[in-house]
Amino acid sequence: MMKDNAAMVIIVGAGPSGIATSACLNKFSIPNMVIEREDCFASLWKEKSYDRLHLHLAKQFCQLPHMCFPDGCPTYVSRKQFIQYLDDYVSHFGVKPLYNRSVESATYDEVDGKWCVKVKNIHSHQKIEEYMAKFLVVASGETSDAYIPEVEGLDSFKGDVFHSTKYKTGETFANKNVLVVGCGNSGMEIALDLANFGAKTSIVVRNPLHILNREMAYMALVMVKYLPLHIIDGAVVLLSKFIYGDITKYGLNRPEEGPFFLKVKYGKYPVIDVGTFQKIKSGEIQVLPSIKSIRGDSVEFANGKTHHFETIIFATGFKRSTNKWLKDDNCFLDEDGIPKPSFPNHWKGQNGLYCVGLARRGLYGAAMDAENIANDIKALL
């Protein structure tokens, strides 16, 4: 069913990237609509994040366009404070997403010069609705679909198995044997939270990783305006070695490439340590290699050893499904939903197609994208 809409721009996704883009367009009085498959904006923060989460970077690197954090906010903003900031942001800029709409396809009509977006109305008997607009913004994010890898025998595990997006607090896991699979920032912090609540915690670390503290990350983000990445990487790795020492003693290894090179090139974020490393050093968190197979409550690892667990939490990241619904993008995005053009020219495709928040530069990068897109559309109208 074709819906009448006066929007010039359709934005797919109501995470921070999507609402920032809508806000920037609203500043220019450019009609836009935000389509969101969940029942709220910023669902990853509101419904799929753990309680102790704080922004890992200082607040000035995480604010959205045209609105600073309140003066009373600490340098490292808590999940609750960030959600309040987003609530205030949406209210202030009049962002009004259309919820419970799952995008089925987005195609470009060469004759009309418009994008046709077909969505499934989840709460209206799965009805298909169609919307047309001159511009289309992909704001579905780097973290759209929770991913759990295939593991031999996982279906035989008798305990609880879930993705990190379902984890809230370690309070109910005291004295339980819990395995966290995945050593990104979520996995590391969930392991810390579990250990703090008295769980017998283990974490699977398959690949080399960089460990930085908040101060190092802050320093690097300030320096990036003035120095090339390889200089910053060299300084940060030197500091990390000085502060954390020889991490191989604890089953960890550093990559050969620098942390910010890996972030830009492959989207691999360094671990911002908020206490996990000390728990690993003390033995409160056990580091294990990759899983070989699972049989019942027994998990066999690549080193041949077997351990028993009551719960497995997969902090194994996300996959993007953009390639399933976005058509006619002229190879703007790759199969993983990441723009092929490199930064800083990554945000604009052809025929009025844009993407926001996909440059692997966090909230700071998303804010830049949102302003660039709004300015570009304003110039074209």
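The figures here come from the full heavy-atom set of this structure, side chains too, leaving out hydrogens, waters and symmetry mates.
- Taking the ring axis of F69 as reference, the NZ or CZ atom of K59 does not stay both within 45° of it and closer than 6.0 Å to the ring centre.
- Evaluated for a side chain to side chain contact (heavy atoms under 4.5 Å, CB included) with L326, the options N323, T322, D328 yield exactly one hit, T322.
- Of all the heavy atoms in P97 and F41, the pair that sits closest is CG-CB, 4.4 Å.
- The pair E38-K48 meets the salt-bridge criterion, with a side-chain N (NZ, NE, NH1 or NH2) lying under 4.0 Å from an Asp/Glu carboxylate O.
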(request) Decide yes or no on side-chain hydrogen bond (donor to acceptor under 3.5 Å, both in side chains) for D273 and Y244, but give the supporting numbers first. (result) CA-CA 10 Å; D273 178 49; Y244 294 105; 3.2 Å; yes
(request) Might you work through the side chain to side chain contact (heavy atoms under 4.5 Å, CB included) test for H56 and E189, ending with a clear yes or no? (result) CA-CA 11 Å; H56 289 115; E189 193 163 1; 3.1 Å; yes
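- In K327, the NZ atom is crowded: over 12 heavy atoms of neighbouring residues, nucleotides or ligands sit closer than 6.0 Å.
- Ion pair D145/R37 flagged as a salt bridge, since at least one NZ, NE, NH1 or NH2 atom sits closer than 4.0 Å to an Asp/Glu carboxylate oxygen.
- A salt bridge is absent between K263 and D233: the closest approach of a Lys/Arg side-chain nitrogen to an acidic carboxylate oxygen does not fall below 4.0 angstrom.
- Residues I83 and Y85 fall within the same hydrophobic cluster, defined by Ile, Leu, Val, Met, Phe, Trp and Tyr side chains chained together at heavy-atom separations under 4.5 Å.
- Side-chain polar atoms of S293 and E152 form no donor-acceptor pair below 3.5 angstrom.
- Follow the hydrophobic side-chain contacts under 4.5 Å out from V271 and you reach L239 in the same cluster.
- In terms of heavy atoms, V236 sits closest to P259 at CG1-CG, 4.0 Å.
- Among Y108, W115, Y354, the single residue meeting the side chain to side chain contact (heavy atoms under 4.5 Å, CB included) criterion with L136 is W115.
- You'll find the side chain of H346 reaches within 4.5 Å of the side chain of D369, heavy atoms only.
- Closest non-hydrogen pair, A133 versus A7, comes out as CB-O, 3.8 Å.
- When the side chains of ILVMFWY residues are joined at heavy-atom separations under 4.5 Å, either directly or via intervening members, V287 and L192 end up in two distinct hydrophobic clusters.
- With a 4.5 Å cut-off on side-chain heavy atoms, T248 and N253 count as touching.
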Side-chain polar contacts of residues 211-227 - donor-acceptor pairs under 3.5 angstrom, sequence neighbours left out - could you list them?
{"from": "N213", "atom 1": "OD1", "to": "E215", "atom 2": "N", "distance (Å)": "3.2"}
{"from": "N213", "atom 1": "OD1", "to": "M216", "atom 2": "N", "distance (Å)": "2.8"}
{"from": "Y218", "atom 1": "OH", "to": "Q60", "atom 2": "NE2", "distance (Å)": "3.3"}

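- The residue from L179, T165, L154 that alone fulfils the side chain to side chain contact (heavy atoms under 4.5 Å, CB included) condition with F314 is L154.
- Listed here is the closest heavy atom pair of K168 and E47: NZ-O, 3.2 Å.
- The backbone N or O of A199 lies less than 3.5 Å from a partner atom in the side chain of T201, making a donor-acceptor pair.
- No side-chain heavy atom of K348 sits less than 4.5 Å from a side-chain heavy atom of N372.
- Hydrophobic clustering (side-chain heavy atoms under 4.5 Å, transitive across Ile, Leu, Val, Met, Phe, Trp, Tyr) keeps V237 apart from Y266.
- You'll find the side chain of P255 reaches within 4.5 Å of the side chain of L262, heavy atoms only.
- Between E300 and R295 no salt bridge is recorded (no basic side-chain N to carboxylate O distance below 4.0 Å).
- In the displayed structure, K46 atom NZ is contacted under 6.0 Å by more than 12 heavy atoms of other residues, nucleotides or ligands.
- Taking the six-membered ring where the residue is Trp, the centroids of H163 and F318 are separated by under 6.0 Å.
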(message) E310 vs D160, test: side chain to side chain contact (heavy atoms under 4.5 Å, CB included). Steps then yes/no.
(response) CA-CA 7 Å; E310 296 162 82; D160 293 325; over 6 Å; no
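- Residue Y364 qualifies as open at atom OH: its count of foreign heavy atoms under 6.0 Å is 12 or below.
- F261 and F343 end up in different hydrophobic clusters when Ile, Leu, Val, Met, Phe, Trp and Tyr side chains are linked at under 4.5 Å.
- For the pair Y89 (side chain) and P65 (backbone), a donor-acceptor distance under 3.5 Å is present.
- Under the 30°/60° scheme for interplanar angles, the aromatic rings of Y167 and F162 are found to lie parallel.
- Within a 6.0 Å radius of NZ in K114, no more than 12 heavy atoms belonging to other residues, nucleotides or ligands are found.
- Using cut-offs of 30° and 60° on the angle between ring planes, the pair F309 and H307 is tilted.
- Between P74 and Q81, the closest side-chain pair of non-hydrogen atoms falls below 4.5 Å.
- Residue P16 comes nearest to L64 through the heavy atom pair O-CD1, 4.0 Å, listed as atom of the first residue, atom of the second, then distance.
- Open room surrounds NZ on K166; 12 or fewer heavy atoms of other groups in view lie less than 6.0 Å from it.
- Between the side chains of H54 and S78, no donor N or O sits under 3.5 Å from an acceptor N or O.
- For the pair S49 (side chain) and L44 (backbone), a donor-acceptor distance under 3.5 Å is present.
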(request) Starting from the C-alpha separation in whole Å, work towards a yes-or-no answer on side chain to side chain contact (heavy atoms under 4.5 Å, CB included) for M8 and I377. (result) CA-CA 9 Å; M8 290 294 296; I377 290 174; 5.9 Å; no
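- For the residue pair S22 / N32, a side-chain donor-acceptor distance below 3.5 Å is found, with atom types taken as modelled.
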